[in-house]
Every structure is written in C-alpha cells, then in structure tokens.
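Worksheet: one structure, shown below.
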Amino acid sequence: GVSIDGKPVTRTAHKAAIACEMKFEPIGPTGQVFFHQGMVSAETVFDEGEHKKPRAPTAADGEGIGENLYNSKDNYLRLSNPVALRFQLPDFERYDIEKMTLFGMTYDSVPKLFLFNNQTNAWDEQKRLSLSMDGNGWVPYIDKEGSIYLRLTPNEEGNRYDGMNRPMLALKGKVRE
C-alpha cells in the first residue's frame, strides 16, 4: 500500500493526487549512473588554435572571443569564430561509462566539430554534430581530470551571423566496484 510519513493512505475518492519532493541523484545508490541532457554543461574555454589543447581562461584573456563570453550562462553560441568548449564530467573517477551521447543542433550552416584526442594530442574531426559511443569509444577524448574538449569552427558556407545552441551530453554508466 501507499503510505505518507509512515501512515497508510486510505482511499476516500476515486482519484487522488499526491505531491512530494523527490531528489534525483545522477549517481544512484543502486550503482546506476545517469546524467541526462543539460546536467553537465559545456563551458567556453580559451581556444589555443587547431594544433593545441584548449585551456581554462585567465584574467589576461579578457571576457571571451567575439560574442562567446567565458563563464556565460547564455545557451547560444556565435560561430563567426572558432569556439572551444569543455565538458567536466562530475565525479568521473567513480564510474565507468556504458554509453555517452553528445547532442548538437543548428538551423544555420553546420559547423565543423572536433574532439580533442588526448592520446594523439590532436583534434579529430567528427562527421556530425551529434554522436554516441560506448565508454571505450570515448577513452581518447576524456583526459585524466574527466574533461572533454570540443572545438566548433565555422563552415565555409556560413556567415558571421551563424550560431547554435550549446551542445549537450547525456551519460549512462555504472559505479565502479
């Protein structure tokens, strides 16, 4: 039966509504791990160019490149210049990834997407703005701090007004034993 605060609920009507607060824990007590879209946000970082890994911005870097400001909560990215982003996976050392999906979408010309490969220290171009891989597929792209770096560059057919929403991640995994 249903109980509230330890007391059984008796039925007095044919329909009932029960409201309560429920806390969602992405790393659950059953060992399941699930970060849904938007729980791990993409932050704008300093773009070191096409041959180097990006880095966290410093005060000397100013506020950002073009309209893409560091520490911005704005969900929209301008693609008139290349932009580098970082996903920081929370508590990365506690779980193994079973599947992780990167979602990207735009109504403008599609930018080029690159993931930084930590094994080759080079950018790997991706065929689409959205991709899904198992944990082994993501290994080269996750550094020892649990960061994933991506770079978006304007398409040749694009213009200075092109943009897109920040990409999002979704992750499913299991707590390490």
Side-chain angles (χ1 to χ4, degrees), residues 23-79 81-105 111-153 163-177:
K23 183 178 179 183
F24 176 79
E25 296 182 23
I27 302 175
T30 62
Q32 296 295 314
V33 177
F34 182 65
F35 289 93
H36 61 77
Q37 291 181 36
M39 288 187 75
V40 182
S41 58
E43 62 180 315
T44 306
V45 292
F46 188 80
D47 183 15
E48 294 271 19
E50 62 184 284
H51 300 292
K52 290 178 82 177
K53 184 176 185 176
R55 61 175 172 75
T58 65
D61 297 324
E63 294 182 358
I65 298 172
E67 295 92 355
N68 299 316
L69 302 178
Y70 305 128
N71 303 315
S72 173
K73 301 293 182 206
D74 188 6
N75 194 38
Y76 193 74
L77 296 171
R78 286 274 180 213
L79 297 173
N81 295 303
V83 62
L85 302 170
R86 173 178 61 196
F87 287 101
Q88 180 64 50
L89 300 176
D91 297 318
F92 175 65
E93 67 287 344
R94 291 186 54 202
Y95 53 86
D96 292 315
I97 296 170
E98 293 176 342
K99 183 177 182 179
M100 188 160 57
T101 303
L102 173 69
F103 301 92
M105 190 182 90
K112 291 182 182 178
L113 169 66
F114 299 87
L115 292 175
F116 190 79
N117 186 320
N118 295 284
Q119 294 173 351
T120 63
N121 281 326
W123 290 101
D124 291 347
E125 185 171 359
Q126 305 302 306
K127 292 182 168 99
R128 294 180 207 85
L129 284 181
S130 295
L131 61 131
S132 189
M133 295 186 277
D134 65 15
N136 290 331
W138 284 103
V139 165
Y141 305 113
I142 303 172
D143 68 14
K144 57 185 174 240
E145 287 82 37
S147 295
I148 300 169
Y149 291 91
L150 58 104
R151 188 169 194 258
L152 296 160
T153 61
M164 66 180 284
N165 287 330
R166 280 182 195 270
M168 293 187 284
L169 276 183
L171 180 155
K172 181 179 184 248
K174 285 203 179 267
V175 171
R176 290 184 180 143
E177 306 236 355

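Computed from a predicted structure; not experimentally measured. Note that the numbering runs from 1 along the sequence shown for the chain.
Between F92 and Y95, the ring planes lie perpendicular to each other; the angle is over 60°, past the 30° to 60° tilted range. Ring-plane geometry between W123 and F116 is classed as perpendicular, the angle between the planes exceeding 60 degrees on a 0 to 90 degree scale with a lower cut at 30.
Panel note: side chain S147, backbone Q88; no donor-acceptor pair is recorded below 3.5 Å. Proximity of a side-chain donor or acceptor of R166 to a complementary backbone N or O of A42 within less than 3.5 Å is detected.
Sorted by first then second residue, the side-chain hydrogen bond (donor to acceptor under 3.5 Å, both in side chains) pairs that include residues 113-122, not counting sequence neighbours, are K53-N118, N117-D124.
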**Q.** Stepwise side-chain contact (heavy atoms from CB on, under 4.5 Å) test for R94 and I27
**A.** CA-CA 9 Å; R94 291 186 54 202; I27 302 175; 3.4 Å; yes
Q: List the steps and the verdict of side-chain contact (heavy atoms from CB on, under 4.5 Å) for W138 and L115.
A: CA-CA 10 Å; W138 284 103; L115 292 175; 3.9 Å; yes
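In this structure, the side chains of K99 and M133 stay at 4.5 Å or more apart for every pair of heavy atoms. Here the side chains of L113 and P167 are not in contact, with every heavy-atom distance at 4.5 Å or above.
For the pair R86 and Y149, the cation-pi criterion (under 6.0 Å, within 45° of the ring axis) is not fulfilled.
In this structure, E50 places its CD atom where only 12 or fewer heavy-atom neighbours from other residues, nucleotides or ligands lie under 6.0 Å away.
A salt bridge is defined here as a Lys NZ or Arg NE, NH1 or NH2 lying under 4.0 Å from an Asp or Glu carboxylate O, and R176 with D96 meets this definition.
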